[in-house]
Amino acid sequence: MSILVVGSVALDTIETASGRREEVLGGSAMYFSVAASYFDQVFLVGVVGTDFPEEGFHLLERHGVDLDGLQQEQGKTFRWTTRYHLDMNHRDTLDTQLNVFESFSPRIPEKYTTATHLFLANIHPSLQLEVLSQVTDPGIVISDTMNLWIENTPDELEEVIAKTDIFLLSDSEARQWTEEPNLLRAAKQLLRRGPAHLIIKKGEHGALLVNEDGAFFAPGYPLENIVDPTGAGDVFAGGVVGHLSKLNSMEDADLRQAIIYGSTLASFNVESFGLDRLSTLTNEDIEKRYGTFRDLTAFEKN
Ligand code: AMP
């Protein structure tokens, strides 16, 4: 099966307690694509400027990501600068330069419309809706968002969630959107707006899946050394969607496994700056840590 992703491709400047990196490859679509590429074919729709480094195209090509939908326009690539607090669940955005992203109009190549899964990464909800209007049969739709859109464009976001099968958001975003402090009640409220499944991301504390069958919780993988959490949410989504697309299944047991694959990949991603660790993984690395995850959460006597 195959996955169509629409999102940002960026040059990020990142400061954490471990140091600072300038203009490293990033963006929601970039992180998602590399993560999902370990499972299935990825079609990427996005935009970069003429300054986008060759290394970025090569990295995606090495992972078999189809780039026919990656437009290169006159101007500069989207740039984003962030500084993390000592508690890395919190960060401040210091600068956002939309550049070519400002006038981005997603164009979906014909062959991409055969994708079985559509991931609408965290971009303006009007762009997410534009994509949905271009793909007549989007298959399984998975959408992500952020506080900015909850605050500024709630009506458009409402339209997106109504057309989504699996909606992803963070715990603080779920509370903010529903004005409901209890996460389970917030999740149930959001499920009534359209999606069959809701995944609430809790940063280093894991992720919660809620649907009509009940709830499933996966902890974050305990790590002694977290270098840079940037992209963890997109990488998590890449693991989840990648696994579901590979199996072409939405069964509850497969959704649960997908959450563990997402958490596994996200745990690798935060071990280095940018895409350094994620882009050098082997399938063996992934399976080994997936197994450790099983041991970590086992509590029944054999
Ligand atoms: P995450 O850490 O999962 O929230 O993802 C961070 C990535 O999102 C970075 O690589 C940024 O380049 C990208 N990003 C930050 N702000 C925006 C925005 N307003 N629109 C699209 N992408 C963004």
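Model, not experiment: these values are computed from the prediction.
E22 and T13 get closest at one heavy-atom pair: CA-OG1, 3.7 Å. Closest approach of I259 to A207, counting heavy atoms only: CG2-CB, 4.3 Å. L265 and L278 get closest at one heavy-atom pair: O-CD1, 4.2 Å. Taking all atoms of both residues into account, the shortest heavy-atom contact from V9 to T77 is O-CG2, 3.7 Å. Smallest separation of non-hydrogen atoms from E73 and V47: CG-CG2, 3.5 Å. Of all heavy-atom pairs between E180 and A186, the closest is CG-N, 3.5 Å.
Within the 3.5 Å criterion, the main-chain N or O of S126 finds a donor-acceptor partner in the side chain of H124. Under a 3.5 Å cut-off, the side chain of E151 and the backbone N or O of Q176 do not form any donor-acceptor pair. Here the side chain of N182 pairs a donor or acceptor atom with the backbone of L184 at under 3.5 angstrom. For T164 (side chain) and I142 (main-chain N/O), no donor-acceptor pair under 3.5 Å exists by modelled atom type. Proximity of a side-chain donor or acceptor of D228 to a complementary backbone N or O of G274 within less than 3.5 Å is detected. Using a distance-only test at 3.5 Å, with no hydrogens or angles considered, a donor-acceptor pair links the side chain of T280 to the main chain of R277. With hydrogens and angles ignored, the 3.5 Å screen pairs a side-chain donor or acceptor of D165 with a backbone N or O of V141. With R175 contributing its side chain and P181 its backbone, the two residues share a donor-acceptor pair below 3.5 Å. A distance-only check finds a donor-acceptor pair linking the side chain of T50 to the backbone of G75 [under 3.5 Å]. A donor-acceptor distance shorter than 3.5 angstrom exists from the side chain of Q72 to the backbone of G49, with no hydrogens or angles considered.
Put simply, the side chain of L120 reaches to within 4.5 Å of the side chain of L132, judged on heavy atoms. Side chains of H205 and N89 form a contact here, defined as non-hydrogen atoms less than 4.5 Å apart. Side-chain contact between V5 and V241: absent, with no pair of heavy atoms (C-beta onward) separated by less than 4.5 Å. Contact annotation: the side chain of M30 approaches that of L59 to within less than 4.5 Å [non-hydrogen atoms, C-beta and beyond]. Here the side chains of L183 and K202 are in contact, with some heavy-atom distance below 4.5 Å. When side chains are defined from C-beta on, D144 counts as touching F119, because their heavy atoms get closer than 4.5 Å. Within the 4.5 Å cutoff, the side chain of I140 has no heavy atoms near those of the L244 side chain. Here the side chains of T113 and T136 are not in contact, with every heavy-atom distance at 4.5 Å or above.
Y112 and S2 are not linked by any side-chain donor-acceptor pair at a separation below 3.5 angstrom, with hydrogens and angles left out of the test. A donor and an acceptor atom, one from each side chain of Q128 and E156, are nowhere located under 3.5 Å apart. Using a 3.5 Å distance cut-off with no hydrogens or angles, the side chains of H243 and D40 do not pair a donor with an acceptor. Remark: the S28 side chain and the D234 side chain contain no N/O donor-acceptor pair separated by less than 3.5 Å.
Connection of F236 to L198 is not established within any shared hydrophobic cluster, with ILVMFWY side chains joined at heavy-atom distances below 4.5 Å, either directly or through further cluster members. Hydrophobic clustering, with ILVMFWY side chains joined whenever heavy atoms are under 4.5 angstrom apart, groups L168 together with I3. Hydrophobic clustering (ILVMFWY, side-chain heavy atoms < 4.5 Å, transitive): Y31 and I226 are in one cluster. By the criterion of side-chain heavy atoms lying less than 4.5 angstrom apart, applied directly or through intervening Ile, Leu, Val, Met, Phe, Trp or Tyr residues, F52 is not grouped with F104; the two fall into different hydrophobic clusters. Linking Ile, Leu, Val, Met, Phe, Trp and Tyr residues whenever their side-chain heavy atoms come within less than 4.5 Å places V100 and L127 in a single cluster.
Residues D51 and R79 are paired through a salt bridge, judged by an N-O separation under 4.0 Å between the basic side chain and the carboxylate. The pair R256-D213 does not count as a salt bridge, with every side-chain nitrogen at least 4.0 angstrom from each carboxylate oxygen. Taking 4.0 Å as the cut-off between side-chain N and carboxylate O, R289 and D285 do not count as a salt-bridged pair. Ion pairing between a basic and an acidic side chain is recognised when a charged N comes within 4.0 Å of a carboxylate O; D66 and K111 show such pairing.
Within a 6.0 Å sphere centred on CE of M250, other residues, nucleotides and ligands contribute more than 12 heavy atoms. More than 12 heavy atoms of other residues, nucleotides or ligands sit less than 6.0 Å from atom CG of D95.
Taken from CD1 in I150 to CD in E158, the straight-line distance is 10.5 Å, to the nearest 0.5 Å. To the nearest 0.5 Å, atom CD1 of residue I14 and atom OG1 of residue T230 are 4.0 Å apart. Distance check: K246 NZ to T116 OG1 gives 13.5 Å after rounding to the nearest 0.5 Å.
In this structure, the ring of F293 has its center no less than 6.0 angstrom from the ring center of Y290. Checked against the 6.0 Å centroid threshold, Y261 and Y38 do not count as a close aromatic pair. Between F167 and W177, the distance separating the two ring centers is shorter than 6.0 angstrom.
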Set out, in order, the CA-CA distance, both residues' side-chain angles and the distance that settles side-chain contact (heavy atoms from CB on, under 4.5 Å) for I166 and L255, then state yes or no. CA-CA 10 Å; I166 307 178; L255 273 159; 4.1 Å; yes
